[in-house]
Each structure stands twice: as structure tokens, then as C-alpha cells.
Enquirer: 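First the structure, then my questions, so here it is.
FYI, side chains are in, hydrogens and waters are out, and symmetry mates aren't considered; it's all heavy atoms of this structure.
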Amino acid sequence: MSIMTTIISGKKQDSIHWNEVVQTEIVKKMNVLIIGGGGREHAIADALSKSSKVSKIYCAPGNAGIAKQAELVALKDTDVNGLLTFAIEKQIDLTVVGPETPLSLGIVDVFKENGLRIFGPNQKAAQIESSKRFAKDLMIKYGIPTAAYEVFTDFNEALNYVKEKPLPTVLKYDGLAAGKGVVIAETIEEAELALKDMLVDDKFGEGKVVIEDYLEGPEFSFMCFVNGADVYPMVLAQDHKRAFDGDTGPNTGGMGAYGPLPFVTEEDQNYALENILKPTAFAMVEEGCSFSGVLYGGLMKTKNGIKVIEFNARFGDPETEIVLPRLKSDIFDIFYGIAEGQKIEIEWDDFPILGIVMASKGYPGDYETGYEIDCRGVLNTSTTDVKVYHMGTTEKSGKLLTSGGRVLMVVGTGKNLDEARAKALEAVKKIECENLFYRTDIGVKALI
């Protein structure tokens, strides 16, 4: 582990703000480890690769796209002890955690206990995502606007409660479910099937179910870098959760995203920051689980104001792929500053950007992998207005193959959202794979 020092007037100074340290020519470039292997981690690797302060990037386990910018490490993101050993052996200066599962396992606590610098919330703070009940109880206690709810462990009690409430109703598994543990039940039959999955068959593991009142309105994602009570907002994004066009089909981890958002006014954004994100960060400090990392607010603009749908304890995916390209500041400075508990400064671009996810047929249910992908029609062009982020890919014998449910995210930029969407759609059509599908209506409602 390197110690950040410089020489001033012949004396060694150890407590210099990072932004001052990097101005000197003798600063050692940093080794960075990214944990995770999806599109979010590819976007993080892409952003870090632009930093002059980064020497080498590792990613565990990574994917075929990330391999172009980082050395892949054959370790699962849940192998906390293996990742710790690797970080020590390779003298990793900064670790960045992408997915939620290692956070819930306490990887940040383990790394810090061993003197390693790591970006992300500790296990106690990560409860804001890993336990829906914790998050809802916190919001009710501190007056943060959200839907009314009840918590159940018994199938029959939960079903009887649903039968007494107006439909539709929202059922949430109280734990991690890769973005697929939420069901909006429009009929009693749908609710019964979802409750059976969650409480009888333990589809996502043993746990509880949070049943919420149904809210209506457009959803949007508001991510912030958080360091205790200090909150630094990112630009907004809107994810598209349903699998198919017209917002139909089952919930997924996200089928596309875009920004800026024409339906969210500056007043709306300020309200969300001052009445939701900042109070939540303050509440976490007050509860003895101060948050450090990325706090993700899944919000809805209802007729009764902006309310919280969910909180996550990390970057959203696929939102990260259309948010980080708009970051003008050096992302390494941000990660390092938050990990060190320092004040940071951030500057954003707000050009129109839109991304379309290409997923394996059958996703978010059962799907097959191992299908060859040909991206040459996109990658061989000279345009800088299109980027392909890998979400679930691997390379074998020189061939690019599918290896996950969500496989690629194709991102386009333009002078307006319509142009960004057109470029993304044009690029998607040039990618050849017989087992992929995608939505054609990402961002369309913003154009109406």
C-alpha cells in the first residue's frame, strides 16, 4: 500500500489534500482493482482508463469488453478472501466495488480491516439495498417520502393482506434479487404466484416480503456520490425495467436508459436532492451506519410529489453506462477522495445520450449462452458517437460469445435525444447474433 506524500521545502508532508498531491510530478501512479463483471464495471473501467493517475487496472472477474482496458482476474465477486489476497499481493492502491452482493457480504469492512483503500459502503450501510425493510423503516422514521407498506413472512397472511387492498399492488422480496425481486401484481392470481415464489419456494432465498401501495408516475434514477453527510449529485437517468416494448413483460435488471430527462424540472431535481438524498445520507449517519460510496435513489414523480421507490448502495446498471460518459472530472479523484473521506469537486456535461440493452432470448427467465456475437459492423466504424459496453460476454478461441442474460449495451450520443436514439438503434442493427433481443422504444416517451 503506497503512502501519498510529496516534498515541500525539504520536509515530508503526509496530510495533503489529494487534489494538491496530484499536481506534483513525483506522485506514484495507482493500481486499481474493479470488482464485478457487467456493463456497469465496463463503464467504470472505461472512465478510469482516461485518468492520468492510474497505472494499471485489474477487474475481477470482468468480461470480454473490459479485457480491452484491464487485466482480468479469475475470481468471483463474492470471493472476499480471494480478492483480499489478490489486492495485497498486487499492491492495489484503490478497489472499486461494482455489484451489490460483495457489499452485502462486507467486503468493504474486510478490506479496511486489512488497511486497504476501497470505494463503497460497509456492510451495515449496504443494508439500505440488501434489506427493503431497513430502507422503508428508515424512510418512515425520518419523513422521507415513500409508499405505505407492510412486511410479511407468512404466505397466507401476505395473500390475505393483498386481497384486502386495491390492485395493482407492489411486492418486493426483502433482499437481493439482481433487480428481479419486484412484482407489480395487477391481479390476485399474479400476486399469489409472486408470493409463492418469494415465501414458499424461496426463489431468491429465504426472506420476507414488503408489500407496498402502488404509485403512479414516471420513474427516474438519481445517483449521488456520498461521503457521510456530504452528497454530490450525478446527472439523472431513466431506466426501462420491463423486458419488452410498450413497458410490457416481466421486470428485468434494465433494458436501456437515457438522459437528460425532459419531465424532471430543475425544481424537481432540487426537491429530490434536498428532501430525499441529503436527508437519507443524514439519517444513515444518525443511525450509526454512515454511508460512503454511491447512493442510488430510484424515484417516481407522482401527482402527489416525488417519492422513493427503492434505494441501492451502488451504481445502477444500465444507468452507469449513460451517466459516466457525461462526467468531465477525473473519476479516480472522486473514488479516491470518497474512500479517503475527503471533500470532492465534480463537473458534468449534459449532452443527450441513450443506451439500448441487447439481452439473451428468454431473459429475465431461462436463457441459453455461448452464442457468437459479431460487432464488427459497429467497432470498425470511425464514429465517436457510439460506444458498446459489454455486460455478459466472454471470449473463447478468438470468438466473442454471450455469457449472461444482458449481453451488450449500445450507447449513442447526439445533439438531441432523437439523434442519440437513432445512432444507438442504427448500431444495434449492425450487431449480429441469433440469440439476442432488444427494445426499440427506449426513450420514446421523452420525444412525445
Enquirer: Can you run down the side chain to side chain donor-acceptor pair (under 3.5 Å) pairs that involve residues 219-238, sequence neighbours left out, and say none if there aren't any?
Expert: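 Of all non-adjacent pairs touching residues 219-238, those that pass side chain to side chain donor-acceptor pair (under 3.5 Å) are Ser221-Tyr296, Ser221-Glu319, Asp230-Lys343, Gln238-Tyr258.
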Enquirer: For Phe244, enumerate each residue passing the ring pair (Phe, Tyr, Trp, His ring centres under 6.0 Å) test, keeping only those at least two apart in sequence or located in another chain.
Expert: Phe437
Enquirer: A quick test of your reading: do over 12 heavy atoms of other residues, nucleotides or ligands sit less than 6.0 Å from CG of Asp350?
Expert: yes
Enquirer: Asn304: which residues meet the side chain to side chain donor-acceptor pair (under 3.5 Å) condition with it, sequence neighbours left out?
Expert: none
Enquirer: Looking at residues at least two apart in the chain, or sitting in another chain, which of them share a ring pair (Phe, Tyr, Trp, His ring centres under 6.0 Å) with Phe119?
Expert: Phe335
Enquirer: Return the set of residues passing side-chain contact (heavy atoms from CB on, under 4.5 Å) with Val110 (not counting sequence neighbours), or none when no residue passes.
Expert: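 side-chain contact (heavy atoms from CB on, under 4.5 Å) check on Val110 returns Val80, Leu84, Asn114.
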Enquirer: Kindly list each side-chain donor-acceptor pair under 3.5 angstrom involving residues 62-72, sequence neighbours excluded, with atom names and distances?
Expert:
| unit_1 | atom_1 | unit_2 | atom_2 | d |
| --- | --- | --- | --- | --- |
| Asn63 | OD1 | Gly65 | N | 2.9 |
| Asn63 | OD1 | Ile66 | N | 2.9 |
| Asn63 | ND2 | Gly37 | O | 3.0 |
| Asn63 | ND2 | His390 | O | 2.9 |
| Gln69 | NE2 | Asp46 | OD1 | 2.8 |
| Gln69 | NE2 | Ser49 | OG | 3.4 |
| Glu71 | OE1 | Lys56 | NZ | 3.0 |

Enquirer: Do Asp174 and Lys172 meet the salt-bridge criterion of a basic N to acidic O distance under 4.0 Å?
Expert: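 Looking at Lys172 and Asp174, the cut-off is not met.
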Enquirer: Would you find more than 12 non-hydrogen atoms of other residues, nucleotides or ligands less than 6.0 Å from Phe86 atom CZ?
Expert: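 Buried by this count: over 12 neighbours within 6.0 Å.
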Enquirer: Using salt bridge (charged side-chain N to carboxylate O under 4.0 Å, His left out) as the criterion, list what pairs up with Lys445, not counting sequence neighbours.
Expert: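 Expected list: Asp247.
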Enquirer: List the atom pairs, donor and acceptor, that lie under 3.5 Å between side-chain atoms in residues 155-170 and the rest of the protein, sequence neighbours left out.
Expert:
| unit_1 | atom_1 | unit_2 | atom_2 | d |
| --- | --- | --- | --- | --- |
| Asn160 | ND2 | Asn156 | O | 3.2 |
| Lys165 | NZ | Asp213 | OD1 | 3.3 |
| Thr169 | OG1 | Glu212 | O | 3.2 |

Enquirer: Considering residues at least two apart in sequence or located in another chain, which fulfil the side-chain contact (heavy atoms from CB on, under 4.5 Å) criterion with Asn416?
Expert: Asp418, Glu419
Enquirer: Could you note down all residue pairs passing side chain to side chain donor-acceptor pair (under 3.5 Å) where residues 138-152 supplies at least one of them, sequence neighbours left out?
Expert: Lys136-Thr146, Asp137-Tyr149, Lys141-Glu287, Tyr142-Glu287
Enquirer: Among residues at least two apart in sequence or on other chains, which ones pass side chain to side chain donor-acceptor pair (under 3.5 Å) with Glu274?
Expert: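 Applying side chain to side chain donor-acceptor pair (under 3.5 Å) to Glu274 gives Lys278.
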Enquirer: Shortest non-hydrogen contact from Ala339 to Ile118?
Expert: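 Minimum heavy-atom contact is CB-O, 3.6 Å.
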Enquirer: Between Arg40 and Glu321, does at least one N-O distance fall below 4.0 Å, as a salt bridge requires?
Expert: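 Salt bridge: no.
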Enquirer: Would you please name every residue forming a side chain to side chain donor-acceptor pair (under 3.5 Å) with Lys429, sequence neighbours left out?
Expert: none
Enquirer: Between Val209 and Leu195, is there a side-chain heavy-atom distance shorter than 4.5 Å?
Expert: yes
